[in-house]
Asks: 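Handing you this structure, nothing more for now.
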Amino acid sequence: MSVLDSKIPKGPLKDKWTNHKNKIDLVNPANKRNIDIIVVGTGLAGGSAAASLAEMGYNVKTFCYQDSPRRAHSIAAQGGINAAKNYQNDGDSVYRLFYDTVKGGDYRSREANVHRLAEVSGNIIDQCVAQGVPFGRDYGGLLDNRSFGGVLVSRTFYAKGQTGQQLLLGAYSALNRQIAKGKVTMYNRHEMVELVKVDGKARGIIARNLETGELERHSAHAVVIASGGYGNVFFLSTNAMGSNATAAWKIHKKGAYFANPCYTQIHPTCIPRSGEHQSKLTLMSESLRNDGRIWVPKNLEDVLAIREGKLQPTDLEEEQRDYYLERRYPAFGNLVPRDVASRAAKERCDSGYGVNETGEAVYLDFSTAIQRYGKQQAAIARIENPNEKDILKLGEAVIESKYGNLFQMYEKIVAENPYKTPMMIYPAVHYTMGGVWVDYNLMTSVEGCYCIGEANFSDHGANRLGASALMQGLADGYFVLPYTIGDYLSNEIRTGKISTETPEFEEAEKDVSERIEKLMNIKGTKSVDYFHKLLGKAMWEYVGMSRNEEGLKKAMSEIKQIRTNFWNDVRIPGDKNSLNSELEKAGRVADFLELGELFAKDALYRNESCGGHFREESVEEDGLQKGEAKRNDTDYAYVAAWEYTGEPSDAVMHKEELEFNDIELKQRSYK
Ligand SMILES: Cc1cc2nc3c(=O)[nH]c(=O)nc-3n(C[C@H](O)[C@H](O)[C@H](O)COP(=O)(O)OP(=O)(O)OC[C@H]3O[C@@H](n4cnc5c(N)ncnc54)[C@H](O)[C@@H]3O)c2cc1C
């Protein structure tokens, strides 16, 4: 086991980024024109990076597997993006955003990275406003904010429930401008399937043209991976169906360490599963917890009556309801962080209080907010003694203006009107905090290979606070990588054009070709989804919301077995030389089947509870925190970065010890 060097600059925390930027070697504009950069992924991280790097003068080639960058999974982001602007005058600051993010991540992130993130957060909003992103505004026309879980200030900028879509349109416009100028060459419907290294440095990729099946060689002086998260290792998640880990996993197998794979976020407010045949879960934005109150019935008889349809939730009086988050966490109430809210819902449902047929649902209720807003609006409109009907109408209008599209989406899926009856929600896999290990410059352990956005592990520790992922992706793409990549590229100005007619490219292409051939020739009896679902079940059962040693060992051996069966019995119809979505899926699931095992191994080694990783063996036994997750800072305040050595179970751990000089490590309490 070696100790990793994260290359964090010396000096006081608040000056590190500024000093680092001041000292980074620059590439002169004439030289930038001779340097090529590959960016894999055109979501918010990759799109913003590609546009910025091209704007700076580099030649950029970007790749996405969809038919347009506009379809990247980032488009699904609903709730908002954080920034320390303090527009609400409620005491926010760069320090507070930094503090909340480190605390929210359960003290398992790098202080220096998080502080940099907080520093550049304000610039992101300015950049996006300049691009025309239509953020929500208040009555006076100023940018509005709302709160998200785990914080006591309002710092979340939003565009209704479509923040990701609007931000992506902004990044996409910037990208398109560079495509039109010839500085970016865009490869839609292309999937990166291998990294090419020459003399230890990343020098290109092998991409498969998904329409023709052709394998293509692309060279560059640096390769940036911005391929998103790996939540779909669970099969069911709130991620887009196509989201996958292939690009990240391929670079891992070529030497990039994979950090903290077990840190996964289970989001508390998703539409519950309706049965076995579902292939996708739907998020209801966390912003709803601003106004929605979470509860289950206090009495088990009421639970049963509701399940049998003999009682409606609206029939229960206040005193018959258990607002369990408000009861357990009076300081933060319904706005506790996601990991805490998810575990609390599971605890209630495991105790038998789940309110739907599967027993896996709790209520998210807007009736109190509708009443509050209704009365407020009536007062503003000078309506004296408003009747109940007027109050409801006025209140519902406010809720509609804030969350209308989310309510509409819920009604379409569940066929119930959430203005009139409480929504049902249950936790679901949502986001992965783990990912490719990167140093302060966002470079992986492969020289010249960078990783940004959800694909890297960098800023969220063991738990992501709401609205922080968009902030990190855009910080990486617009404001961090464009500086830090210069540090490496300034040494590449004499390299010249990189040929793809070399043994390294030839060998990489041959490996890909043989792997595809192998998959096509299995001609087994089971679909790719069959194996993906088995993997998902093992992950959810043993590596899901709570984990223990026995289950994790079982998960490792089950996943290995599923992988063996996959390689013996998967059936891929069609051929490899045309559009073949089953073949695409097979390649991705083959990678998930390896990643899943490493994930379980990482969870097994981390014998503490922290953030989204809850070990049943590590729970507070007494006092105010009884039953809550118990962190172990003495033994586990490190990043586990795994090196690939052949089999996921043989991966070797490298530790990056985390130093906390500016924040005192405390037990996270939201009570
Ligand atoms: C339903 C939902 C709602 C969310 N809401 C919020 C929110 O309100 N606020 C917030 O901060 N975060 C939110 N998140 C999280 C956030 O949306 C994501 O973390 C973020 O958008 C990820 O951006 P990204 O650019 O890293 O990756 P993505 O947007 O996933 O983009 C990945 C890109 O990589 C490409 N790609 C992947 N693999 C390959 C390959 N092998 N070859 C070529 N191209 C490849 C894809 O084509 C795509 O262009 C939400 C997430 C979900 C699931």
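All ligand and atom numbering here is 1-based and tracks the order in the structure. Scope of the values below: all heavy atoms of this structure, side chains included, with no hydrogens, waters or symmetry mates.
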Asks: Which is closest to atom 23 (O) of ligand 1 in terms of heavy atoms, Cys451, Ser74, Gly43?
Replies: Ser74
Asks: Examine the proximity of ligand 1 to Leu283 and report which part, side chain or backbone, both or neither, has a heavy atom under 4.0 Å away.
Replies: side chain
Asks: Which bit of Ser468 is near ligand 1, meaning a heavy atom under 4.0 Å away: side chain, backbone, both or neither?
Replies: backbone
Asks: How does Arg71 reach ligand 1, by side chain, by backbone, by both or by neither, if only non-hydrogen atoms under 4.0 Å count?
Replies: neither
Asks: What pair of heavy atoms forms the shortest contact from Val224 to Ile485, and how long is it?
Replies: CG2-CD1, 4.1 Å
Asks: Salt bridge check: are Glu360 and Lys346 linked by an N-O gap of less than 4.0 Å?
Replies: no
Asks: Between Asp591 and Lys250, is there a side-chain N and carboxylate O pair less than 4.0 Å apart?
Replies: yes
Asks: What part of Arg464, side chain, backbone, both or neither, has a heavy atom within less than 4.0 angstrom of ligand 1?
Replies: side chain
Asks: Do any N or O atoms from the side chain of Asn456 and from the backbone of Cys451 form a donor-acceptor pair under 3.5 angstrom?
Replies: yes
Asks: Tell me, please: is Ile81 in heavy-atom contact with ligand 1, that is, under 4.0 Å?
Replies: no
Asks: Heavy-atom distances under 4.0 Å decide this one: backbone, side chain, both or neither, for Ala226 against ligand 1?
Replies: backbone
Asks: Compare Gly41, Ser227, Ala72, Ala45 and give the one whose heavy atom is closest to atom 32 (C) of ligand 1.
Replies: Ser227
Asks: Return the option from Glu194, Gln78, His430, Arg588 holding the heavy atom at the smallest distance from atom 51 (C) of ligand 1.
Replies: His430
